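Values in this document were obtained by computation on a predicted structure and should not be read as measured data. Below, read A as the first sequence line, B as the second, and so on, with proteins coming before strands; counting in each chain starts at 1.
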There are 2 protein chains.
Amino acid sequence: MPYDPSEYPPFAVTVDLVVLTVRQHALCALTVRRGEEPFRGQWALPGGFVRADEDLATAAARELAEETGLLAHDSGSRHAGAHLEQLATYGDPSRDPRMRVVSVAYLVLAPDLPAPTAGGDAGGAQWAPVGRLLGTGGPAGERLAFDHATILADGVERARSKIEYSSLAAAFCPVEFTVGELRRVYEAVWGVPLDPRNFHRKVTGTPGFLVPVGGTTTRQGGRPAQLFRAGGASALNPPMLRPEG
Amino acid sequence: MPYDPSEYPPFAVTVDLVVLTVRQHALCALTVRRGEEPFRGQWALPGGFVRADEDLATAAARELAEETGLLAHDSGSRHAGAHLEQLATYGDPSRDPRMRVVSVAYLVLAPDLPAPTAGGDAGGAQWAPVGRLLGTGGPAGERLAFDHATILADGVERARSKIEYSSLAAAFCPVEFTVGELRRVYEAVWGVPLDPRNFHRKVTGTPGFLVPVGGTTTRQGGRPAQLFRAGGASALNPPMLRPEG
DNA sequence: ATAATAGTGTCTCTCAGACACTATGAG
DNA sequence: CTCATAGTGTCTGAGAGACACTATTAT
């Protein structure tokens, strides 16, 4: 295992972000318009180079803040930050036509945001339903640049399976939310309808999963609903079962 | 996003392997003795540099073959290969004192092997119980080099949770195995005893999980046990429940 | 015989899935 | 009033956990 710098091939290392949110009953991903070749004009996942003295997660959080203004927290904390976790790493030698690039993808789950603040160097940014981006449920329209469709698909699958056995779905909600809003998150992420009564019984019956915060709201119409915060229990046991699994 | 080579910082990219197996009722990991500084003489996870035109998974499979002679299969196939999957990527700027190294860790689940064939450039190789390597259940003896204790802990946790809802535990067994042998794998990986009757009912009652292969064996003593192969069903639903979870 | 493991059966309790039903707001 | 959503109750069937019991080998 020699470490002579001339002995190892040099790589560029980037982070790519799969930023997911739920908007109008649909799971959406943040995409940016590429301003340069290759894939100029196509949509891509936000991302960028890791700096020389920067940790991978730090680079991901920095890119997230540049693109959306969101503050990420790795885990724990209660303020209105987004959930950020490492997804996977993609390093096929031909994934970038110009050079050898290894990309560490991060998954971000964010509450519904007003509008992408196309900050930084990206030409434009928009939320797009993942069904359209992945060609499942709509015209197989604009494909994502590079291998970003694969990365996005992996991120969506991770999100779908993780909300089964964790309280991560609350990351898609504002700080205070109702049981019905949380249920609509599950329905959007899984793409299936859930029984409101059984869902209510399940989430309110799991100790530590939801913490009542006192108030009520009628922002969904109908009878006023209690407001909750996400509880400390991050594990959901037994898990919420995804129908037709 | 400029791609001028002088604009991006160069990284070295390596793969590190968490190779797990079950030996004598204990979950064990493959470790190699470091022959160079830093951490000379300490145990470390096997691994090495990714070559210039090599995919990450290919590099992991190559290192695995060099260290153990095992052939990995990404998924599918039925022959006596080991299971290999990407685990996570570690890139703290200070994780290697000499240079900026990003390491993509892979998890390998292998059946019990005769003995590590300390091939390649590693000075020596051995199977060590993960409890001893991680300091939980024994003297906090020789710590692993670099951040390899963290990587190993992540790999063990991945293996523990994955056998809950998949047929991956069979990757620790020879091609043909008995229900009792499979149960002892679960007990070793989770570190808890399981009820033999309930376990038998669960795994034989799940369609496609086990395929009877016809013969019997008494290699465990007692009444002869039927031999099975792993079935095509990779998902286990509902999952096997880990006690005291 | 004993000791070991393999395999089946049976009971209970929890819980998911399927409802019906009531409660409280907006229009 | 109607319509929407919130929240509770009730039944049923699947299955996990906790056993007892029988079967088949080695010694």
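As a whole-Å value, the separation of B:L194 CG from C:dT5 P is 15 Å. Atom CG of B:N198 and atom P of C:dA6 are 15 Å apart (whole Å). Separating the CD atom of A:Q220 from the P atom of D:dG7 is a distance of 12 Å, rounded to the nearest angstrom. Rounded to an integer number of Å, the gap from NE2 of B:H200 to C1' of D:dT22 is 14 Å. Atom P of nucleotide D:dT25 and atom CZ of B:R223 are separated by 8 Å, given to the nearest angstrom. In this structure, the CZ atom of B:R201 is 13 Å from the C1' atom of D:dA20, given to the nearest Å. As a whole-Å value, the separation of A:N237 CG from C:dT14 P is 15 Å. Taking atom CZ on B:F199 and atom C1' on D:dG15, their separation rounds to 16 Å, with Å as the unit.
No N or O donor and acceptor, one from the side chain of A:R197 and one from the base of C:dG17, sit under 3.5 Å apart. A donor-acceptor contact under 3.5 Å is not formed by the side chain of B:D195 with the base of D:dA16.
Residue B:P238 is classed as a sugar-phosphate contact, given heavy-atom separations below 4.0 Å to backbone atoms only. Using a 4.0 Å heavy-atom cutoff across all strands shown, A:R219 reaches no nucleic acid atom at all.
Remark: the backbone N or O of A:V189 is paired with a side-chain donor or acceptor of A:R160 at under 3.5 angstrom. Side-chain N or O atoms of B:S103 include none that pairs as donor or acceptor with a backbone N or O of B:Y90 at under 3.5 Å. A:Q86 contributes a side-chain N or O that, together with a main-chain N or O of B:T89, makes up a donor-acceptor pair within less than 3.5 Å.
In this structure, B:F172 CZ and B:L27 CG are separated by 5.5 Å, a value rounded to the nearest 0.5 Å. Once rounded to the nearest 0.5 Å, the distance linking CZ of B:F199 with OG1 of B:T204 reads 9.5 Å.
Across the helix from C:dA1-D:dT27 to C:dG27-D:dC1, the helix axis at one end is tilted relative to the axis at the other end by 0° (nearest 10 degrees, each axis from five pairs).
A perpendicular orientation is assigned to the rings of B:W190 and B:Y186, their planes being inclined by more than 60° (bins at 30° and 60°).
Proximity note for A:P224 (side chain, C-beta onward) versus C:dA6, D:dT24, C:dT24: the nearest is C:dT24.
Phosphate proximity of C:dG17 to A:R242: absent, as no side-chain N or O sits under 4.0 Å from OP1 or OP2. In this model, the phosphate group of C:dC15 is not approached by any side-chain N or O of A:K202 to a distance below 4.0 Å at OP1 or OP2.
Between A:R242 and A:E157, at least one side-chain N (NZ, or NE/NH1/NH2) sits under 4.0 Å from a carboxylate O, which counts as a salt bridge.
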